[in-house]
Number of protein chains: 4
Amino acid sequence: MPRAERERQMMDAAVATFGRRGYRAASMDEIAELAGVSKPLVYLYLNSKEDLFSACIRREAAALVEAVRGGITPGEPADQQLWAGLLAFFTHTAECPDGWSVLHSQARTHGEPFAREVAVMREEIVAFVTLLIAEAAREAHGNPTLPEGEVAPLAEALVGAAEALAVWANATPGVTAREAATTLMNFSWAGLANLMQGKPWSPPK
Amino acid sequence: MPRAERERQMMDAAVATFGRRGYRAASMDEIAELAGVSKPLVYLYLNSKEDLFSACIRREAAALVEAVRGGITPGEPADQQLWAGLLAFFTHTAECPDGWSVLHSQARTHGEPFAREVAVMREEIVAFVTLLIAEAAREAHGNPTLPEGEVAPLAEALVGAAEALAVWANATPGVTAREAATTLMNFSWAGLANLMQGKPWSPPK
Amino acid sequence: MPRAERERQMMDAAVATFGRRGYRAASMDEIAELAGVSKPLVYLYLNSKEDLFSACIRREAAALVEAVRGGITPGEPADQQLWAGLLAFFTHTAECPDGWSVLHSQARTHGEPFAREVAVMREEIVAFVTLLIAEAAREAHGNPTLPEGEVAPLAEALVGAAEALAVWANATPGVTAREAATTLMNFSWAGLANLMQGKPWSPPK
Amino acid sequence: MPRAERERQMMDAAVATFGRRGYRAASMDEIAELAGVSKPLVYLYLNSKEDLFSACIRREAAALVEAVRGGITPGEPADQQLWAGLLAFFTHTAECPDGWSVLHSQARTHGEPFAREVAVMREEIVAFVTLLIAEAAREAHGNPTLPEGEVAPLAEALVGAAEALAVWANATPGVTAREAATTLMNFSWAGLANLMQGKPWSPPK
DNA sequence: TATGAATGAGATTTCATTCAT
DNA sequence: TATGAATGAAATCTCATTCAT
């Protein structure tokens, strides 16, 4: 069997195992058995448990970014792009729950080598959403009405809400990607629109 | 030293260690050393690693709920209550980052005994937010304009966004609890208000 | 509470625990709890686990020897003495199963310091039985018909059979001491009588 | 080295260690060292201390039964069969003192999983001896003179005496298997013969 | 390309034992 | 006389990793 395919088998097994058990609780024995190969072969190809986990993170991150990117049509109105991106995001996380678990739950809770890998991808997505929000503001008024420093936290909140909804949708039977995306658009876009029209909510006192 | 105080020391050390390393990577040796006691004493008082982790989850969950509940004045307008609750939430998670990590990152990624403990608390908070949203709709129009089944996902999204912002605020130097709460109110409340006025965002096609 | 009584309580608890669990599996915690005292008190009075076990062996051995000795009337015919001794033996082992377990099962399986304690008592009993057999031979013929070197193994076999029957009687509901003693007399005495009349069983070839 | 042979080495070491130290006092470290392998290999092959002990019991029980069975020629007169069986028994227990210790001393003093394993083998042997006694009675008189319910305790006593003599023979230098078997035949067979002729020993009063 | 055999290091847990009062 | 508080040492067991083939 050619190396590339064997490697894919092993990574599939690793993603499933890491996603369900967590990095520490997953054992190389279990991964090798699930992949249907012997343990030394896993080491021959993937080098170490750390390297294997990193490889999983990179593969799943790339797949997620690819899925979202593929769902978007650049040049469309900002809300259409956000909608399309969210739909692709929720679709992908529903189709690959183990991969999503690796990225969201596991990689971020197991210290420095791994957290950074996933942070890179996340920043890329936050940056894209930040751009969309600024673009939307431009579309609405021709010039940015939102101060620069306020856009980033909003994008952070939107991405955070999307992540939480993805977990919730995976854990709640019967919730479709389209419903999740609609909920989040309703929840966020109208609020953003209000903000852009200079009508922020103001705290008491 | 009296037992109660020693127990508190151990739990402090355990929360710090579990919060930073995760359940599996945290070792009882490290916890005992950080607490300044011998390992057998930890077992004598807290029984087992599982029991210790559960005790940490329960203590931190109770403290968080207590903090949020203490920040709210019942009877005030719904947006005031939400604001106060978020402020208390972000203040508490900023003050107890390890406890927050235990609840948000660690407890939820390590299997059934633990996930359920924290799910109970989370459902309590989601239920409270659901009530607030419904109440706000009543305040705005005198009768519920949002269909029952749509409120729960919105509360889920709001709580999810709050959780993500708490993580982000803890990881980003210089972000205050007040700023985080303001961002989230801006992000969500205006959007919810729009929804309540019957102006949902509608997907294309 | 006076020391002597406390000590007896502790030894009772120790005998019960050692008898049921075995020397290693019995924990000082369990013994102290069963005795209704704190662990340091056990150490204050009985010194160490080894010493406590030795003390149990000595106490139970003395009680057993005392019981057997008290059942016998010296001067009676040898078979009457043997019968009375066996009856007392089976009665005592049935009344004190934990003590018997300590002597028979536990003390002999846990290495040198303890095996010797119980060996002393056992040799005393074997010597007594040896005397009885020789005496019986004299009663039958006026002079020893059995060579000296053959008496000891017979006594050993008789005592061994008694021990095994005691274990069996304790483990088999409904078997009385009188039945066990009768079985053993039937099994052994007639055989011994035959031997003494110079009619040994002879092996083939 | 092939797995089967390594496993045999480990079991040899385990039988020796369990036989000498007892189940609890034997440490897996000691067993591994005596076998000349690392501890993890013992666990890889034999699973756990409990499983290892059970495996030892089963192997030694099978070997003992096999040895006794192999010494007997079915169809011969009952006393010849008993003699041959005892000879084989004492020969085997003298050759495998550690295995005999595991079966007789250790397995029976350590709780339920183990006691039952050895009880099965013992019952098999007691049943065989019971058959022999009944057969002998038939050979002597053509019909059973011993009531059914009395044969079993006699077999129990005979087996018990054999067990005790095996321990004694192993502990007493210079005693051969042939001598032990002769002693027991002398001790028991003539007595049984008397019984079969309807001359039981009768208790006083 | 692939694996059966093997291990060093470290995890949780238990227990006999002692101090300070 | 009596105990609550505390620990050093050692047990069982797991796991990432490598060697020889």
Side-chain angles (χ1 to χ4, degrees), chain A residues 1-3 5-7 23-32 36-53, chain B residues 1-7 10 23-32 35-52, chain C residues 1-3 5-7 23-32 36-53, chain D residues 1-7 10 23-32 35-52:
Chain A
M1 179 171 305
R3 170 157 184 158
E5 188 172 349
R6 266 276 193 261
E7 256 183 9
Y23 175 63
R24 293 290 293 235
S27 83
M28 295 297 271
D29 271 289
E30 191 180 357
I31 292 171
V37 298
S38 70
K39 238 185 324 176
L41 199 59
V42 179
Y43 279 87
L44 190 63
Y45 282 4
L46 277 318
N47 218 40
S48 75
K49 196 183 186 185
E50 276 204 16
D51 284 3
L52 175 54
F53 192 44
Chain B
M1 180 171 305
R3 172 164 181 155
E5 188 173 348
R6 267 277 191 260
E7 237 180 79
M10 291 177 195
Y23 175 63
R24 293 290 295 240
S27 87
M28 295 299 269
D29 270 294
E30 191 180 357
I31 292 171
V37 298
S38 69
K39 232 184 333 171
L41 198 61
V42 179
Y43 278 89
L44 190 61
Y45 284 3
L46 277 318
N47 223 38
S48 75
K49 197 184 185 184
E50 273 205 17
D51 283 4
L52 175 54
Chain C
M1 180 172 303
R3 170 158 184 159
E5 190 172 348
R6 267 274 194 260
E7 256 184 9
Y23 175 63
R24 293 291 292 236
S27 84
M28 295 298 270
D29 271 288
E30 190 179 357
I31 292 171
V37 298
S38 70
K39 239 185 325 176
L41 199 60
V42 179
Y43 278 88
L44 191 62
Y45 282 5
L46 277 318
N47 217 39
S48 76
K49 196 184 186 184
E50 276 204 17
D51 284 3
L52 174 55
F53 193 44
Chain D
M1 179 171 304
R3 172 164 182 155
E5 189 173 348
R6 267 275 193 261
E7 238 179 80
M10 291 177 194
Y23 176 63
R24 293 291 295 239
S27 88
M28 295 297 270
D29 271 293
E30 192 180 356
I31 292 171
V37 298
S38 69
K39 229 185 334 173
L41 198 60
V42 180
Y43 279 90
L44 190 61
Y45 284 4
L46 277 317
N47 224 36
S48 74
K49 197 184 185 184
E50 272 205 18
D51 283 4
L52 175 54

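By convention in this document, chain letters (A, B, ...) are assigned in the order of the sequence lines, proteins followed by strands, and residues within each chain are numbered from 1.
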**Q** Looking only at heavy atoms, which two atoms of C/S38 and C/A32 are closest? And how far apart?
**A** C-CB, 4.1 Å
**Q** Select from B/M10 and D/P40 the residue whose nearest nucleotide in DNA chain F is closer to the 5' end of that strand.
**A** B/M10
**Q** Over how many whole Å does the gap from A/L41 atom CG to E/dA5 atom C1' extend?
**A** 16 Å
**Q** Nearest 0.5 angstrom please: B/L41 CG to B/M10 CE, how far?
**A** 3.5 Å
**Q** Considering only heavy atoms and no angle criterion, is a donor-acceptor pair shorter than 3.5 Å present between the side chain of D/K39 and the base of E/dT7?
**A** no
**Q** Between residues 43-50 of chain A and DNA chain E, which residues have a heavy-atom gap below 4.0 Å?
**A** A/Y45
**Q** Could you report the tightest heavy-atom contact between D/R3 and D/L44, atom names first, then the distance?
**A** NH2-O, 4.2 Å
**Q** Within this structure, what is the CD-to-C1' distance between C/E7 and F/dA2, rounded to whole angstrom?
**A** 15 Å
**Q** Give the rounded distance in Å between these two atoms: CG of A/D29 and P of F/dA16.
**A** 7 Å
**Q** Measuring from C/R6:CZ to C/M1:CE, what's the distance to the nearest 0.5 Å?
**A** 4.5 Å
**Q** Just verifying a value: how many Å separate B/Y43 OH and B/D51 CG, rounded to the nearest 0.5 Å?
**A** 10.5 Å
**Q** Calculate the interatomic distance between C/I31 atom CD1 and E/dT17 atom C1'; express it in whole Å.
**A** 14 Å
**Q** So how far is it from A/M28 CE to A/I31 CD1, rounded to the nearest 0.5 Å?
**A** 5.5 Å
**Q** Picking from E/dT17, F/dA11, F/dT3, which would you name as closest to the side chain of C/M28?
**A** E/dT17
**Q** Looking at every strand, decide which applies to A/A26 at a 4.0 Å heavy-atom threshold: base, sugar-phosphate, or nothing.
**A** sugar-phosphate
**Q** Closer than 4.0 Å, any side-chain N/O of C/R6 to the OP1 or OP2 of F/dA2?
**A** yes
**Q** Can a cation-pi geometry be assigned to D/R24 and C/Y23, taking NZ or CZ under 6.0 Å from the six-membered ring centre and within 45° of the ring axis?
**A** no
**Q** Can you measure A/D51 atom CG to F/dA16 atom C1' for me and round it to whole angstrom units?
**A** 13 Å
**Q** Report the end-to-end axis angle of the helix from E/dA2-F/dT21 to E/dT21-F/dA2; each axis comes from five terminal pairs, and the value is rounded to 10°.
**A** 30°
**Q** Mapping C/R24 and D/M1 onto DNA chain E by nearest heavy atom, which one lands closer to the 5' end?
**A** D/M1
